[in-house]
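The structure appears below as structure tokens.
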Amino acid sequence: MDFLNELNLQQLQAVEANAGPVLVLAGPGSGKTRVLTSRIAHLVGVKGVRPSQILAVTFTNKAAREMDKRVEKMLGVQAGGITLGTFHAICARILRREAKHLPFNSNFVIFDSDDQINLSKRVIRELNIDEKRYTPQSVHTSISNAKNELITAQEYPVQGYRDEVVRRVYERYQEYLLASNGVDFDDLLLWTALLLEQNSGIRETYARRYEQLLVDEFQDTNFAQYVLLKHLASIHRSIFVVGDVDQSIYSWRGADYRNVLRFEKDYPDAQVVLLEQNYRSTQSILDLAMAVIDHNPYRKARRLFTDRGVGAKVTLQEVYDDREEASFVVDTISSLVARNEVQPGDFAVMYRTNAQSRLLEEAFLSKNLPYKLVGAQRFYGRREIKDIIAYLRLVFNPNDDFSLLRVINTPTRGIGTKTIQVLQTYSQQVRLSLGDLLLDLGRGNKSTHQKSFSKRAASATSVFGAHLNNWRECINACSPLQLMDRILDDVAYSQYILDGTDEGQDRWENIKELRRLAAEYDQKGLSNFLEDIALVSDQDTLDASANAPTLLTLHAAKGLEFPIVFIVGLNDGLLPHVRSFEDPEAMQEERRLFYVGITRAKDSLFLVDSINRSAFGYSEPTVQSRFLDDIPPDMLKEKHEGSGVRRSGYRSNIRSDQWGRHESVVVRNFKQSQPQFQPGSRVNHAVWGEGMVLNSRNQDEDEIVDIFFQDIGLKRVVASLAKLEVITDD
DNA sequence: ATGGACAATGTTTTT
DNA sequence: CATTGTCCAT
């Protein structure tokens, strides 16, 4: 097989490893995708494994498609039949097939992150829980974490009052999901793992079927995924995992790099292969990457080397403010492109938070230069898109109360909050889902329930119900696109959206884009359309064909590479993000994130920090990222703005606030008295309850206190305004 | 029932 | 500042 000739010794060792557990520790750019694809090709082409016996898990759908293409190329024939996809997509497939063993049916809908928060909010309100104290966001995070640990609502450990609240919300949340015939992201993993755990027949079926398991980005698997794999591998034990603990950046999503250690413990006979040679970057870039990551404690030092040569030094550019940061990026790109040595598509600009993309986009737009923005949220999160998807989801699954409530009065059709309340109460009385009730009301005078409603409500709901009936009939006869067009037409959506403003025009363009997407599902049908939409990853939206710079978050950059990379916003508070300041584990993850960004670059790397940064409309001074301290100065080509250069040593006494700005330091400090509140003491706040003082300082005749509240998080209050009560001193 | 005006409030990362 | 929610007048 030709493809084996292109591998180095370690890669070959991994590819040809005998059946059984294999752990491949692959540094960035070490060819792990090549190893994975070659392994599959080798299994099929040499070992005679049938494609249908192979299960390969990737991190994004895009990676799955790429892998599929590459395997096909290597084998020279169609490799169809391999089960290939993300954990979530694979689980969704299994759950639909095995729905008869589960408390929902096979046309369940998948609740995305927006839906998850909305549902949490709804439950919190219903249970009369203080929404300020227990925000839907934070409660849902707890639920999500529990699910990732395979803890059900009934098993949720209650140690304090907050746990009690979470447990109650969790329980109700699950009831709602099941009543709506829905599952959320985490449920996809949870249900599948529990199914395999509790049903030995099904476990054996799948474990027998998949003789070979391959897993990419193993360091970012969570506990549920680990258990899932363990069950799938329970018969053949041929599990081939590839990962790099230095690139673990998703712990906030439950990912646990300790799964790598767990793997070594659970499979003591595993072959371990180390891939260290880097084929991507120049040595200058690798040296910088190592300088950064070596500051993380408790890691096995690994050296990265390349035969690509030293290459150009990494540039550190300091600019005046974030506007200038954006124009520096755009100007540098256009002048490099003008020299004709590189193309626009060779560039990537990476940042820590999505909000940072805005100034960059503006800078590109003002110069009339095209760019690509990675981020599914940006498209699927739009109101008009969510509306149409909610319509489709409702037609597909009338029990989806959630989508129903979203669209029942959008565009407005005289079904206001009052009518909706009446509908809800009534539907509970007759034990029908809202959807079923509306379907009935839509049957006009043949309706059983219509007489129970006021004339006004009856007429408005019967019109909507009639539409719903029609669409339901369409479901098997029409393609997703035809159904969508019918809905758009029936509810006069274009009139609703096109209000004469530019924004309306934009929104309609988005709808047209969604039509284009729907058109690709003529064959695959509505079910697949809705599922793919729910499970798109940010990277999936990347359009490889356009030759333009790519704008993306550092997280989204994982697994990608670009000839020339800019990492912007190298300021404390942004990278590392302020939320990691108090937590050493989180801080280490920030560093890994920076490391991931650096190692995406093939030829050149630009790091940019700015002296001022704006938030809330004001531009304020910043502090340089502490990670830059870890880089030996001779590794960098430093450039500064002509004026306003930060004095060295200046920043060590300054703390930066959450937005990467530092607090203005006022020189008349000595005149002020001691702060009244000491770090470490506990205080009581009228609204937020008990908290601990983290920091306090006097400013302008008053005292500013940072307090950490268990349920709310970090808050900054002005002592004279907030009525604070000291509970304990230190 | 609806839409506009104003106030409050919040900014990590995403399958 | 930008989004979201709430209140109020129509």
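Owing to the predicted nature of the structure, the values given are computational and were not obtained by experimental measurement. Chain letters run A, B, ... following the sequence lines, proteins first and then strands; every chain starts at 1. Computed over heavy atoms, backbone and side chain alike; hydrogens, waters and symmetry mates excluded.
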Is there a side-chain polar atom (N or O) of A/T553 under 4.0 Å from OP1 or OP2 of B/dT14? yes

Salt bridge flag under 4.0 Å for residues A/D220 and A/R253: no

Within the structure, does a side-chain N or O atom of A/R358 lie under 4.0 Å from either OP1 or OP2 of C/dA2? yes

Nearest-0.5 Å distance that lies between atom CG in A/L84 and atom CD1 in A/I90: 7.0 Å

From C/dT6, B/dT15, B/dG3, nucleotide with atom closest to A/S113 side chain: B/dT15

Looking across every strand, which nucleic acid part, if any, lies under 4.0 Å from A/K121 by heavy atom: base, sugar-phosphate, or nothing? sugar-phosphate

Would you indicate what A/R413 reaches in the nucleic acid, counting non-hydrogen atoms under 4.0 angstrom: base, sugar-phosphate, or nothing? sugar-phosphate

Taking the nucleotide of DNA chain B with the nearest heavy atom to each, does A/T417 or A/E589 sit closer to the 5' end? A/T417

Look at A/D256 together with A/R258 and state whether they make a salt bridge at an N to O cut-off of under 4.0 Å. yes

For A/R592 and B/dT13, give me the distance from atom CZ to atom P, rounded to whole Å. 18 Å

Please confirm whether the shortest side-chain N or O distance from A/N61 to OP1 or OP2 of B/dT15 is below 4.0 Å. no

According to the interplanar angle, ranging from 0 to 90°, do the rings of A/F59 and A/Y250 count as parallel (below 30°), tilted (30 to 60°) or perpendicular (above 60°)? tilted

Phosphate-side-chain proximity, A/N148 and B/dT15, N/O vs OP1/OP2 below 4.0 Å: no

Say we look at C/dT6 and B/dT11: how far apart would their C1' atoms be, to the nearest angstrom? 22 Å

Would you mind classifying the nucleic acid contact of A/D186 as base, sugar-phosphate or nothing, using non-hydrogen atoms under 4.0 angstrom? nothing

Among B/dT2, B/dT9, B/dT13, the one nearest A/K132 by side-chain distance: B/dT9

Nearest-nucleotide comparison on DNA chain B, the residue closer to the 5′ end among A/L593 and A/K418: A/K418

Base, sugar-phosphate or nothing for A/D112? Non-hydrogen atoms, less than 4.0 Å. nothing

Side-chain N or O of A/N354 less than 4.0 angstrom from OP1 or OP2 on B/dT11? no

When we call it a touch if two heavy atoms are under 4.0 Å apart, what does A/T419 touch: a base, just sugar-phosphate, or nothing? sugar-phosphate

Looking only at heavy atoms, which two atoms of A/G559 and A/E217 are closest? And how far apart? CA-OE2, 4.3 Å

Counting side-chain heavy atoms from C-beta on, which of B/dT15, B/dT14, B/dA1 comes nearest to A/R456? B/dA1

Can you check the distance between B/dT13 and C/dT4, where both ends of the measurement are the P atom (answer in whole Å)? 15 Å

Over 60° means perpendicular and under 30° means parallel, so tell me whether A/F594 and A/F627 are parallel, tilted or perpendicular. parallel

Round to a whole Å and report the spacing from CZ of A/F111 to C1' of B/dT15. 17 Å

Look at the side chain of A/W252 and decide which nucleotide, out of B/dT2, B/dT15, B/dT14, has an atom nearest to it. B/dT14

Can you tell me how far C1' of B/dT14 sits from NZ of A/K62, to the nearest Å? 16 Å

Out of B/dT9, B/dT14, B/dT15, which has the shortest distance to the side chain of A/H555? B/dT14

